[in-house]
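Here is the structure we will look at, set down as structure tokens.
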Amino acid sequence: MTFSVEVTDGVCVRDFEPDDEPVLQEVFAASGGYFEALNGDGALPGDLQSLFYAAPEGVSPDTKRILVVERDTKVIGVLDAVPGHPADDAVAVGVFLLDPAHRRQGIGSSVLHALFDVAREQGFRRVAAATPAGWAPGAAFLAAAGFALEVSTETTAGVGNRVVHRGEGPILKAALDIA
């Protein structure tokens with residue numbers, strides 16, 4: 001079953017397709033601040049690939065949905081979602097990145113609210129997310145969307161089946177009731 005939802009005029013979210021990879025590599029490269037806060041480095045060559053294989057403990061990577069954000073048919077962002085995690089009535093959102101040239105224009109918020117509507121229609125009541133503790137734009141975005149933020153002493157290191165990068169630091173956990 002393919003996924004596609006129109007968000008606003010010219011902006012939509014749809015399933016990742018293999019042809020999207022080169023543009024998403026560019027989005028990752030342009031999002032150096034996120035990766036520096038996440039792992040102490042810029043985007044690494046395998047970061048996009050690992051998005052497909054990394055999953056929370058006990059969750060099959062096949063459960064994860066990789067979605068792209070398009071504006072006027074150009075891919076400008078990516079997010080991954082794991083339905084049914086960390087609880088049956090929840091959706092976990094991992095990475096949610098827009099190309100920096102498209103940030104602070106309301107696109108991210110519009111995408112998030114459109115996806116909340118889809119999640120509610122599918123019976124989900126909560127959304128869990130996380131962002132590197134040192135990445136102020138991620139924390140500000142989640143707070144503005146209404147998420148409750150909690151600094152965690154855990155890092156992304158060792159979560160699920162991911163390979164640990166030497167520079168990984170603490171994360172901000174975020175939760176939102178969308179019922």
Checklist entry - Does a side-chain heavy-atom distance below 4.5 Å link P56 with V82? => result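 Contact flag for P56/V82 side chains = yes.
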Next on the checklist: Any heavy-atom pair between the side chains of P61 and F52 that's under 4.5 Å?
Outcome noted: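 No, their side chains stay 4.5 Å or more apart.
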Checklist entry - According to the interplanar angle, ranging from 0 to 90°, do the rings of F116 and F147 count as parallel (below 30°), tilted (30 to 60°) or perpendicular (above 60°)? => result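 Ring orientation of F116 relative to F147: tilted.
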Checklist entry - How are the rings of F35 and F28 set relative to one another: parallel (under 30°), tilted (30 to 60°) or perpendicular (over 60°)? => result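 Tilted, since the angle between the ring planes falls between 30° and 60°.
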Could you measure the distance from the [atom1] atom of [X] to the [atom2] atom of [Y]? Nearest 0.5 Å is fine.
X: I66; Y: D15; atom1: CD1; atom2: CG; result: 9.5 Å
X: D9; Y: D72; atom1: CG; atom2: CG; result: 8.5 Å
X: D19; Y: L24; atom1: CG; atom2: CG; result: 11.0 Å
X: R71; Y: T73; atom1: CZ; atom2: OG1; result: 12.0 Å
X: Q105; Y: I76; atom1: CD; atom2: CD1; result: 7.5 Å
X: F96; Y: L142; atom1: CZ; atom2: CG; result: 9.5 Å

Heavy-atom pair of closest approach, residues [X] and [Y]:
X: P18; Y: P22; answer: O-CD, 4.3 Å
X: S31; Y: R103; answer: OG-NH2, 3.0 Å
X: W135; Y: L97; answer: CH2-CD2, 3.9 Å
X: A139; Y: L172; answer: CB-CD1, 3.4 Å
X: L176; Y: A145; answer: CD2-O, 3.9 Å
X: A30; Y: P100; answer: O-CG, 3.2 Å

Item to check | L79/V111 under side-chain contact (heavy atoms from CB on, under 4.5 Å): CA gap, chis, key distance, verdict | outcome: CA-CA 10 Å; L79 66 109; V111 166; 4.2 Å; yes
Hey, is the main chain of [Y] close enough, under 3.5 Å, to the side chain of [X] for a donor-acceptor pair?
X: K64; Y: A54; result: yes
X: D80; Y: G94; result: yes
X: S50; Y: D47; result: yes
X: R120; Y: I178; result: yes

Next on the checklist: Using a strict threshold of under 4.0 Å (side-chain N to carboxylate O), is an ion pair present between D20 and R14?
Outcome noted: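 Salt bridge present between R14 and D20.
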